Amino acid sequence: MLVSEKRIDTFTRDGLTFDVRDTGPIDGVPVVLLHGFPQDSRSWDKVVPVLHAHGYRTLAPDQRGYSPGARPRRRRDYRGDELVADVAALIEQAGVGPVHLVGHDWGAAVTWMTAAARPELLRTMTAVSVPHVEAFVRAMLTSTQGLRSWYMFFFQLPWLPERVLTDPRLARRALRRTGQSEEGAARDAARMADPRTARGAVNWYRAMVLTTPDIVRSTVHVPALQVWSDHDTAIGPRGPSLSLRFVEAPLACVTLPGVSHWIPDEAPDALAGLIVEHLRGHDRGDSAES
């Protein structure tokens, strides 16, 4: 395993500059943490101390649309192929591959796609809340998932989604209704108050249909952990159950009872414990604590 003992706070790709929070033991086994919508790298703040305590180094980027230096305007710039290439650029420029890749919400979707498209960069993957992308698509057609995902259709509209997101009162109320804490909702709504960030965040949804089909449908050959919570208003049980069809590697599926969609904020210790257990099983004697 290649581990650079030099910290990074940014990485670049195609003229874009992404902010990164690189913390924990500098010589630790690297874990890359991908946030979801409408959050940023701070969503992992309650999880990383546990990973650090077990000897892991964490790199948490503010992804495309969320980093001030990485906000392209076109929706096609947010298709899955670009999001995967961003993760690859981070790993390669940090000099820390292969890594354990962990993602929540949209970050989980990118994690699944990266595991399928660039398995050589990963040691393991962990998807929090969101199932394999093709499993999610099939769940939309065969269960109540389509109703749960109504907001994805709303986000296809011009300008109106941004108008809602940039109103801190409306955004905070919407997040609270999905189970987010008052503290977390205030944090995330404040970030969306910037119209440029709101546009970038919504463009992830607008670009969904532009992603190369192969990257969505491909089978994963990387050891995987899927964590779902049964009080998730956005993701129903059908998608996570279908993920089994798209993984040809060891796969552990865990359901957290009584927890909302916002697992890293609401159940950080439980999540971190599951991640550490999963990572330890595939560290092959590297420098993280055993």
Side-chain angles (χ1 to χ4, degrees), residues 1-13 17-36 39-63 66-67 83-84 86-105 107-108 110-112 114-115 118-128 220-227 249-252 254 263-265 267-290:
M1 180 183 71
L2 175 64
V3 176
S4 170
E5 294 195 3
K6 181 180 179 181
R7 296 285 186 194
I8 67 166
D9 54 19
T10 63
F11 73 96
T12 61
R13 178 173 172 264
T17 299
F18 299 79
D19 297 329
V20 184
R21 302 172 77 183
D22 179 357
T23 53
I26 190 66
D27 60 347
V29 176
V31 181
V32 173
L33 301 163
L34 305 179
H35 66 82
Q39 303 190 293
D40 57 31
S41 58
R42 294 174 296 172
S43 66
W44 298 106
D45 281 356
K46 297 178 181 178
V47 175
V48 293
V50 179
L51 300 182
H52 296 164
H54 286 277
Y56 292 99
R57 174 182 175 182
T58 60
L59 296 96
D62 289 338
Q63 296 196 82
Y66 296 85
S67 284
L83 306 175
V84 169
D86 292 343
V87 175
L90 166 59
I91 295 170
E92 291 164 355
Q93 290 180 37
V96 294
V99 306
H100 297 290
L101 184 61
V102 180
H104 172 246
D105 187 76
V110 178
T111 295
W112 284 111
T114 303
R118 299 296 305 272
E120 76 281 3
L121 296 177
L122 307 187
R123 302 167 64 79
T124 70
M125 60 149 286
T126 299
V128 185
V220 168
H221 297 274
V222 173
L225 169 65
Q226 178 177 269
V227 182
L251 170 64
V254 178
I263 296 174
D265 285 298
D269 291 338
L271 176 60
L274 291 170
I275 294 172
V276 168
E277 181 181 3
H278 177 54
L279 271 51
R280 280 178 166 177
H282 301 280
D283 277 331
R284 297 192 297 274
D286 285 319
S287 58
E289 289 184 2
S290 59

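Treat the numbers as computed from the prediction; the structure is a model and nothing was measured.
- Closest heavy-atom contact between F11 and V20: CD2-CG2, 3.5 Å.
- A 4.5 Å side-chain heavy-atom check between L271 and P264 finds at least one atom pair inside the cut-off.
- D22 places no side-chain N or O within 3.5 Å of a backbone atom of L59 that could act as its donor or acceptor partner.
- Rounded to the nearest 0.5 angstrom, I263 CD1 and L274 CG are separated by 9.5 Å.
- In this structure T111 satisfies the side-chain contact (heavy atoms from CB on, under 4.5 Å) test together with L34, L101, M125, sequence neighbours excluded.
- Nearest heavy atoms, A60 versus S41: O-CB, 3.5 Å.
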Under the side-chain contact (heavy atoms from CB on, under 4.5 Å) criterion, do V99 and L121 qualify, and how do the steps go? CA-CA 6 Å; V99 306; L121 296 177; 5.9 Å; no

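- Shown here for S43 and H35, the closest heavy-atom pair between the two residues is OG-CB, 3.6 Å.
- Shortest non-hydrogen contact noted between T17 and S67 is O-CB, 3.8 Å.
- Looking at K46 and D265, no side-chain N of the basic residue comes within less than 4.0 Å of a carboxylate O on the acidic one, giving no salt bridge.
- Between I91 and R118, every side-chain heavy-atom pair lies at or beyond the 4.5 Å cut-off.
- Evaluation of the side chain to side chain donor-acceptor pair (under 3.5 Å) rule for T23 yields H52, T58 as partners, not counting sequence neighbours.
- In this structure, CZ in R57 is found 9.0 Å from CG in D27, a value given to the nearest 0.5 Å.
- Nearest heavy-atom pair, A115 versus V222, reported as atom, atom and distance to 0.1 Å: O-CG2, 4.0 Å.
- Q226 pairs by the side chain to side chain donor-acceptor pair (under 3.5 Å) definition with S243, not counting sequence neighbours.
- Remark: D19 engages no residue in a side chain to side chain donor-acceptor pair (under 3.5 Å) (not counting sequence neighbours).
- The CG atom of L90 lies 11.0 Å from the OG1 atom of T12; values are rounded to the nearest 0.5 Å.
- Applying the salt bridge (charged side-chain N to carboxylate O under 4.0 Å, His left out) criterion to E277, with sequence neighbours excluded, gives no partner residue.
- Once rounded to the nearest 0.5 Å, the distance linking NE2 of H104 with CH2 of W44 reads 7.0 Å.
- Here the shortest heavy-atom pairing between P98 and P30 reads O-CG, 4.0 Å.
- Not counting sequence neighbours, H100 has no partner by the ring pair (Phe, Tyr, Trp, His ring centres under 6.0 Å) test.
- With sequence neighbours left out, the salt bridge (charged side-chain N to carboxylate O under 4.0 Å, His left out) criterion links D86 to R13, R64.
- Counting heavy atoms from C-beta outward, H278 and T124 have side chains that approach closer than 4.5 Å.
- Taking D45 as the reference, R21, R42 meet the side-chain contact (heavy atoms from CB on, under 4.5 Å) condition, with sequence neighbours excluded.
- Scanning for side-chain contact (heavy atoms from CB on, under 4.5 Å) contacts around A252 gives L225, with sequence neighbours left out.
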